[in-house]
Number of protein chains: 2
Amino acid sequence: MADEQKMDREGLERVARVFQAFSDATRLAILQELKSGPCGVGTLVERVGGSQGNISKQLQVLAETGFIRREKKGNQVFYSIDDPRVFEMCNVVCSKLTSEAQEKAGFVFEI
Amino acid sequence: MADEQKMDREGLERVARVFQAFSDATRLAILQELKSGPCGVGTLVERVGGSQGNISKQLQVLAETGFIRREKKGNQVFYSIDDPRVFEMCNVVCSKLTSEAQEKAGFVFEI
DNA sequence: GCTGTATATTCGTATATTAGAATATACTGA
DNA sequence: TCAGTATATTCTAATATACGAATATACAGC
């Protein structure tokens, strides 16, 4: 099915770089906002919090993954989700965390 | 469909922590080895390279995500994939990188 | 208990990351 | 061109990370 060949170090580093982009709460908060639709930088600064400069930087990190799109419109720059599979990944992690929490709380009977 | 409620900062930080675990080439190399089946630490040191101490540390980081299982058997410790969805996530990233590379090379005609 | 093997932990160092403040650039409209 | 608004970049400090070397712990067999 999937490619069973092993990836070389450079390939692994590129993949790692993408996960890295999603490994920060501020950037995930931005993603969460973009889920509702495209958004300008100023609006994201308001909604996510933090300095304008920092939000702008984090947006660039996200855009470099290829999952987020950058689009200039006149004076403003709008960011949006370019590939919704980014949320599939988040959902996998979330559901894992949820089931872990349930196990910890003893809500699950494993056979 | 998915939970549309916004996650608080603490939740986002927990998710970020999991992505963080996958954001390192050495740890991805370990995952790649585990794909073929459970593996002891010593074998992973041989196959992945680097010091034994470092591999052991990285294994712990992976195990903390809940996607990788740790199992003691006598003198040895075996690690294995506990939730194969970790590879789904990797595949999403890989396919994105592949399509990006193709676009860069001009192999894709967008309508 | 002692020895050897397997794994984990600690320590120190080089490097990377995050964030705010200040500054620079880009664009719009008068 | 000038002023104002929106975004990006640079600089700096605090913190986090990855790694090897050395050391500690766990366990099996004698």
Side-chain angles (χ1 to χ4, degrees), chain A residues 8-34 37-65 68-80 82, chain B residues 8-34 37-65 68-80 82:
Chain A
D8 63 5
R9 192 79 187 180
E10 196 194 317
L12 293 173
E13 251 148 36
R14 250 182 270 175
V15 175
R17 200 95 203 126
V18 175
F19 281 121
Q20 164 85 0
F22 302 137
S23 74
D24 175 78
T26 300
R27 289 192 290 266
L28 292 179
I30 291 174
L31 279 184
Q32 204 170 217
E33 292 301 332
L34 292 182
C39 209
V41 178
T43 312
L44 286 168
V45 172
E46 282 173 25
R47 294 195 189 157
V48 173
S51 71
Q52 181 273 324
N54 191 38
I55 297 297
S56 176
K57 257 178 299 185
Q58 307 312 332
L59 280 165
Q60 213 174 312
V61 173
L62 287 172
E64 276 165 6
T65 63
I68 273 73
R69 175 203 301 267
R70 198 191 107 107
E71 208 168 351
K72 260 187 128 156
K73 272 192 183 166
N75 210 8
Q76 287 176 274
V77 177
F78 288 90
Y79 286 86
S80 58
D82 194 41
Chain B
D8 63 5
R9 193 80 187 178
E10 196 194 317
L12 292 173
E13 252 148 34
R14 250 181 269 174
V15 176
R17 200 98 202 123
V18 175
F19 281 120
Q20 165 83 3
F22 302 137
S23 73
D24 176 77
T26 300
R27 288 192 290 267
L28 292 179
I30 291 174
L31 280 184
Q32 204 170 218
E33 292 301 331
L34 293 182
C39 209
V41 179
T43 312
L44 286 168
V45 172
E46 281 173 26
R47 294 194 189 160
V48 173
S51 71
Q52 180 273 322
N54 191 39
I55 297 297
S56 176
K57 257 178 297 183
Q58 306 312 333
L59 280 165
Q60 213 175 311
V61 173
L62 286 172
E64 276 166 5
T65 63
I68 274 72
R69 176 204 302 266
R70 198 190 105 108
E71 208 169 350
K72 261 189 127 153
K73 273 192 184 167
N75 211 10
Q76 288 176 274
V77 177
F78 287 89
Y79 286 86
S80 58
D82 194 41

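The structure presented is a predicted model; accordingly, all values stated were derived computationally and were not measured. Protein chains get the first letters and strands the later ones, always in sequence-line order, with residue 1 at the start of each.
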[N] OP1/OP2 closer than 4.0 Å to side-chain N/O of [X]:
X	N	result
A:Thr26	C:dT18	no
A:Gln60	D:dT9	yes
B:Arg17	D:dT17	yes
A:Lys72	C:dC27	yes
A:Arg70	D:dT7	no
B:Tyr79	C:dA6	no
A:Gln20	D:dT17	no
A:Asn54	C:dT18	no

Using whole Å, report how far [atom1] of [X] lies from [atom2] of [N].
X	N	atom1	atom2	value
B:Ile30	C:dT7	CD1	P	13 Å
B:Ile55	C:dA8	CD1	C1'	13 Å
A:Lys73	C:dT28	NZ	C1'	17 Å
B:Leu59	D:dC19	CG	C1'	15 Å
A:Gln58	D:dT7	CD	P	16 Å
A:Asp24	D:dT17	CG	C1'	14 Å
B:Phe22	D:dA18	CZ	P	13 Å

(message) Test your reading of the model: is there a side-chain donor-acceptor pair from A:Arg27 to the backbone of A:Gln20, 3.5 Å cut-off?
(response)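 Here the side-chain-to-backbone pair exists.
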(request) Test A:Ile68 against every option in A:Leu31, A:Asp82, A:Ile30 by the side-chain contact (heavy atoms from CB on, under 4.5 Å) rule and name the one that passes. (result)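 Output: one option passes, namely A:Leu31.
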Considering every strand and a 4.0 Å limit on heavy-atom distances, what is the contact class for [X]: base, sugar-phosphate, or nothing?
X	answer
A:Gln52	base
A:Gly74	sugar-phosphate
B:Lys57	base
B:Phe78	nothing
B:Gly53	base

(request) Give the nucleotide from the list D:dA6, D:dT9, D:dG20 with an atom nearest to the side chain of A:Gln76. (result)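 Among the listed nucleotides, the one closest to the side chain of A:Gln76 is D:dA6.
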Gap between atom [atom2] of [Y] and atom [atom1] of [X] - 0.5 Å precision:
X	Y	atom1	atom2	result
B:Cys39	B:Glu46	SG	CD	9.0 Å
A:Glu10	A:Arg14	CD	CZ	4.5 Å
B:Phe78	B:Thr43	CZ	OG1	7.0 Å

(message) Any N or O donor-acceptor pair under 3.5 Å from the base of C:dT5 to the side chain of B:Asn75?
(response)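 Under the 3.5 Å cut-off, the side chain and the base do form a donor-acceptor pair.
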(request) Hey, which sits more toward the 5' end of DNA chain C by its nearest nucleotide, A:Ser23 or B:Val41? (result)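 By nearest-heavy-atom nucleotide position, the 5'-most residue is B:Val41.
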(request) Return the minimal non-hydrogen interatomic distance between B:Ala21 and B:Leu62, and the atom names on each side. (result)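 Heavy-atom minimum between the residues: O-CD2, 3.9 Å.
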